[in-house]
A.B. asks: 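Here it is: the structure, laid out below.
The structure displayed is predicted, hence computed values, not measured ones.
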Amino acid sequence: MQIPWLAAGEPLPDAASAWGPDAPVPGLLAAGGELSVERLLEAYGNAIFPWFSDNQPILWWSPDPRMVLDVARFRLHRSLRKTLEHFRQAAGCELRFDHDFEAVIRACAAAPRAGQSGTWIVPEMVDAYIALHQAGHAHSVETWIDGKMAGGLYCVSIGRAVFGESMFTRRPDASKIALAGLVSFCRHHGMPMIDCQQNTAHLASLGAQEMRRADFVAHVTRARAQPGPAWQFAPVYWAELLSARTSEPT
């Protein structure tokens with residue numbers, strides 16, 4: 001089996017042409033090309049993302065099914081609710097957007113991953129997403145405690161489509177606080193879904209579920225055409241989660 005090799009500026013193939021479940025590498029779509037801002041916007045706007053390691057070419061993916069988090073179904077476990085309530089009220093605790101995007105993506109690249117000896121956030125990817133951030137389409141969600149960044153995540157946004165990328169933590173639950181903040185922000189602004197790309201037990205425990213790629217492509221097509229919000233977090237957004245009367249079990 002072969003996949004298309006992209007020349008610079010050549011359009012990406014349709015997501016539906018990615019390798020299927022019986023292929024050697026399900027979800028693989030193409031290789032080559034470049035990581036320019038324009039290319040990344042083309043990719044994400046068509047439910048495609050880059051993912052590769054050192055000593056590999058740029059690889060483009062569109063898995064089927066796709067793991068997504070419906071923000072209305074986010075599982076706020078009782079223990080996390082208590083953590084968020086304390087965080088919201090404690091002096092020195094703050095959720096920030098885009099305060100230091102570069103520090104977040106570099107921390108994500110350096111974070112150890114279970115079962116992995118390296119990272120897919122290679123220097124080329126770091127540079128590309130910093131450029132995408134400067135263009136207004138990549139954002140960091142940062143958990144700050146006592147003047148220090150304790151954890152966070154970064155994501156991509158086009159219109160009202162949101163694509164989660166990676167998280168890191170330096171203190172217990174700091175990355176979960178950042179994700180809960182992103183969920184609150186998305187709920188407040190009518191952004192119904194956060195792309196999670198791959199199925200993991202951790203994401204499933206928080207309410208993420210698989211979706212057919214065709215349905216996900218249709219969602220992205222609708223959401224990318226809608227005007228996106230200003231990426232600023234206001235403490236009132238916590239009410240989207242914490243005003244609910246029920247929680248999941250601990």
Side-chain angles (χ1 to χ4, degrees), residues 69-114 121 126 129-130 132-134 136-157 160 162-194 196 200 202-203 205-208 228-250:
L69 177 60
D70 180 337
V71 299
R73 296 182 177 181
F74 178 70
R75 290 179 182 163
L76 183 60
H77 296 282
R78 195 170 297 140
S79 59
L80 181 56
R81 171 183 283 275
K82 292 179 180 177
T83 297
L84 292 177
E85 288 173 341
H86 173 79
F87 182 86
R88 182 175 64 165
Q89 298 171 10
C93 292
E94 182 182 5
L95 195 77
R96 303 178 184 177
F97 280 9
D98 295 333
H99 181 80
D100 196 341
F101 179 89
E102 182 173 347
V104 170
I105 192 171
R106 293 193 184 279
C108 289
R113 309 288 177 187
I121 312 175
V126 172
Y129 284 82
I130 289 174
L132 191 63
H133 167 68
Q134 293 170 343
H137 292 285
H139 303 281
S140 57
V141 182
E142 307 160 13
T143 302
W144 285 77
I145 300 175
D146 297 331
K148 295 181 179 180
M149 193 189 300
L153 62 84
Y154 72 98
C155 60
V156 172
S157 72
R160 292 184 182 271
V162 182
F163 309 84
E165 288 296 314
S166 187
M167 301 189 294
F168 80 98
T169 191
R170 293 171 179 153
R171 294 180 60 166
D173 290 334
S175 61
K176 291 182 182 179
I177 292 171
L179 178 58
L182 179 59
V183 168
S184 299
F185 176 81
C186 289
R187 284 188 179 185
H188 183 84
H189 290 288
M191 303 158 82
M193 193 178 301
I194 300 170
C196 302
T200 69
H202 173 64
L203 291 169
S205 73
L206 296 173
W231 277 75
Q232 298 174 347
F233 189 83
V236 68
Y237 297 164
W238 287 123
E240 297 290 340
L241 282 177
L242 299 179
S243 63
R245 294 182 179 179
T246 60
S247 297
E248 296 283 337
T250 301

A.B. asks: Do Phe163 and Cys196 have side chains that get closer than 4.5 Å, going by heavy atoms?
C.D. replies: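 No; the side chains remain at least 4.5 Å from each other.
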A.B. asks: Is a side-chain donor or acceptor of Arg170 paired with a backbone partner of Met149 at a separation under 3.5 angstrom?
C.D. replies: yes
A.B. asks: Please tell me if the side chains of Met193 and Val71 come closer than 4.5 Å, counting only heavy atoms from C-beta onward.
C.D. replies: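 A side-chain contact is absent here, since even the closest heavy-atom pair is not under 4.5 Å.
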A.B. asks: Measuring from atom CG of Asp100 to atom CD1 of Ile105, what distance do you get when rounded to the nearest 0.5 angstrom?
C.D. replies: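 Here the interatomic distance stands at 11.5 Å.
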A.B. asks: Establish, from distance only, whether the side-chain atoms of His189 and Tyr237 form a donor-acceptor pair under 3.5 Å.
C.D. replies: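 There is such a pair (donor and acceptor under 3.5 Å, judged by atom type) between the side chains of His189 and Tyr237.
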A.B. asks: Can you confirm whether more than 12 heavy atoms, excluding those of His202, are under 6.0 Å from its NE2 atom?
C.D. replies: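 More than 12 heavy atoms, drawn from other residues, nucleotides or ligands, come within 6.0 Å of this atom.
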A.B. asks: Report yes if the side chains of Asp98 and Phe233 come closer than 4.5 Å at any heavy-atom pair, otherwise no.
C.D. replies: no
A.B. asks: Heavy atoms only: give me the nearest Arg160-Pro229 pair and the separation to one decimal.
C.D. replies: NH1-CD, 4.4 Å
A.B. asks: Might you point out which heavy atoms bring Leu69 and Ala208 nearest each other, and give the distance in Å?
C.D. replies: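 Smallest heavy-atom distance, with atoms named: CD1-N, 3.6 Å.
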A.B. asks: Could you walk me through whether Ile121 and Ser166 pass the side chain to side chain contact (heavy atoms under 4.5 Å, CB included) check?
C.D. replies: CA-CA 9 Å; Ile121 312 175; Ser166 187; 3.8 Å; yes
A.B. asks: Quick one: NE2 on His139 to CG on Leu132, what's the gap to the nearest 0.5 Å?
C.D. replies: 8.5 Å
A.B. asks: Can you check whether Val156's main-chain N or O pairs, donor with acceptor, with His137's side chain at less than 3.5 Å?
C.D. replies: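 Looks like no, no N/O pair under 3.5 Å.
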A.B. asks: How many angstroms lie between atom CE of Met191 and atom OG of Ser157, to the nearest 0.5 angstrom?
C.D. replies: 6.0 Å
A.B. asks: Backbone N or O of Trp238 within a donor-acceptor pair of the Ser184 side chain at under 3.5 Å?
C.D. replies: no
A.B. asks: Got a donor-acceptor contact below 3.5 angstrom from the Glu142 side chain to the His99 backbone?
C.D. replies: yes
A.B. asks: Heavy atoms, side chains only, cut-off 4.5 Å: are Phe185 and Val141 in contact?
C.D. replies: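 A side-chain contact under 4.5 Å is absent here.
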A.B. asks: To the nearest 0.5 angstrom, please state how far the NZ atom of Lys82 sits from the NE2 atom of His86.
C.D. replies: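 It comes to 13.5 Å.
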A.B. asks: Are side-chain heavy atoms of Arg106 and Val126 found at a separation under 4.5 Å?
C.D. replies: yes
A.B. asks: Please check if the side chain of Arg81 supplies one atom and the backbone of Leu242 the other of a donor-acceptor pair under 3.5 Å.
C.D. replies: yes
A.B. asks: Might you point out which heavy atoms bring Glu165 and Tyr129 nearest each other, and give the distance in Å?
C.D. replies: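 What the structure gives for the nearest pair is OE1-OH, 4.1 Å.
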A.B. asks: Using a 3.5 Å distance criterion without hydrogens, assess whether the side chain of Glu94 forms a donor-acceptor pair with backbone atoms of Ile145.
C.D. replies: no
A.B. asks: Rounded to the nearest 0.5 Å, what's the gap from CG on Asp173 to NE2 on His77? Could you check?
C.D. replies: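 Result: 11.0 Å between the selected atoms.
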A.B. asks: Does His133 reach the side chain of Tyr154, with side-chain heavy atoms less than 4.5 Å apart?
C.D. replies: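 Not in contact.
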A.B. asks: If you take all heavy atoms of Phe87 and Cys93, which pair is closest and at what distance?
C.D. replies: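 Closest approach of Phe87 to Cys93, heavy atoms only: O-CB, 3.3 Å.
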A.B. asks: Are Ser140 and Trp231 packed together at the side-chain level, in the sense that at least one heavy-atom pair is separated by less than 4.5 angstrom?
C.D. replies: no
A.B. asks: Give a yes or no on whether the backbone of Pro172 and the side-chain of Thr169 come within a donor-acceptor separation of less than 3.5 Å.
C.D. replies: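 No; zero donor-acceptor contacts below 3.5 Å.
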A.B. asks: Indicate the atoms forming the closest heavy-atom contact of Ala180 with Leu241, along with that distance.
C.D. replies: O-CD1, 3.4 Å
A.B. asks: Between atom CG of Leu206 and atom CG of Leu76, what is the distance when rounded to the nearest 0.5 Å?
C.D. replies: 10.0 Å
A.B. asks: Would a 4.5 Å heavy-atom cut-off, applied to side chains only, mark Ser175 and Thr143 as touching?
C.D. replies: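 Contact flag for Ser175/Thr143 side chains = no.
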